[in-house]
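Both counts, for ligands and for their atoms, begin at 1 and track the order of listing. For this chain, numbers begin at 1 and follow the sequence in order. Below, each value reflects all heavy atoms present in this structure, side chains not excepted, and no hydrogens, waters or symmetry copies.
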Amino acid sequence: MKGMVFTEFLDMVEETFSIDMVDDIIDAANPKSGGAYTSVGVYDHQELVDMVMALSERTEIAPEALVKAFGQHLFKVFFKKYPSFFKGVSDSFTFLSSVEDFIHPEVLKLYPDAQLPRFDCEREGDTLTMTYHSSRHFSDLAEGLILGCALHYGENVQVKRESLDENSTRFQITRC
Ligand code: HEM
């Protein structure tokens, strides 16, 4: 997984908790890479999962909630870092529908070693169905990004999720 995801996660931990918490969870996770993450590096996604578990133990916040909050944080980072992906897009459904066919393919051009999920999207009126497929099991991150996107466009949405199999989760996003 790209180093940017790790550095942004640790930035969020520092902002929300403290720099000591950052040191603590890196120590506890004892990552193979050594834990000196840089945005240009590539690291095993399991190291992120291990740090989330360590943070969860120390804060008594469920890992799912931590990853979801991180997804919302990451969406704000993407908006700052990649303004071109937002040009001419004025609502969350248009944006979310472009992740599979436009945004992630562009990400892959920038970072050929990126490991990205697949999304199948279907839109029917006020409901967008996004089915997430990935062996990395970051559906909580996907949900956080979806909520971050709705927040960004100032929209109220309800997200229902259903696990289809080990690697797939269906999100039903309804605008209210
Ligand atoms: C400007 C918008 C976006 C950018 C620039 C972006 C870029 C990226 C990047 C760089 C990664 C890391 C790849 C790696 O570590 O190898 C990633 C992963 C991921 N992205 Fe996006 N993304 C965007 C929007 C979204 C949205 C809106 C969603 C959800 C609907 C999403 C879902 C995910 C998930 C779940 C992963 C984790 C990898 C996995 O599950 O297999 N992304 N994205």
Working for side-chain contact (heavy atoms from CB on, under 4.5 Å), residues Y82 and V107: CA-CA 10 Å; Y82 306 96; V107 168; 5.8 Å; no
Partners meeting ring-ring contact (aromatic ring centres under 6.0 Å, His included) with F75 (sequence neighbours left out): F86, F95, H152
Nearest heavy atoms of E47 and K32, plus distance in Å: OE2-N, 3.4 Å
Pi-cation contact, Y132 with R170 (under 6.0 Å, within 45°): no
side-chain hydrogen bond (donor to acceptor under 3.5 Å, both in side chains) involving E124 - partner list, sequence neighbours excluded: none
Ligand 1 N/O to protein N/O, distances under 3.5 Å:
{"from": "ligand 1", "atom 1": "15 (O)", "to": "K2", "atom 2": "N", "distance (Å)": "2.6"}
{"from": "ligand 1", "atom 1": "16 (O)", "to": "Q115", "atom 2": "N", "distance (Å)": "2.6"}
{"from": "ligand 1", "atom 1": "20 (N)", "to": "H104", "atom 2": "NE2", "distance (Å)": "3.1"}
{"from": "ligand 1", "atom 1": "22 (N)", "to": "H104", "atom 2": "NE2", "distance (Å)": "3.0"}
{"from": "ligand 1", "atom 1": "40 (O)", "to": "Y132", "atom 2": "OH", "distance (Å)": "2.5"}
{"from": "ligand 1", "atom 1": "41 (O)", "to": "S134", "atom 2": "OG", "distance (Å)": "2.6"}
{"from": "ligand 1", "atom 1": "41 (O)", "to": "R136", "atom 2": "NE", "distance (Å)": "2.8"}
{"from": "ligand 1", "atom 1": "41 (O)", "to": "R136", "atom 2": "NH2", "distance (Å)": "2.9"}
{"from": "ligand 1", "atom 1": "42 (N)", "to": "H104", "atom 2": "NE2", "distance (Å)": "3.1"}
{"from": "ligand 1", "atom 1": "43 (N)", "to": "H104", "atom 2": "NE2", "distance (Å)": "3.1"}

Pairwise side-chain hydrogen bond (donor to acceptor under 3.5 Å, both in side chains) hits with a residue in residues 136-148, at least two apart: K68-E143, H137-N167, S139-R161, D140-R161, E143-R161
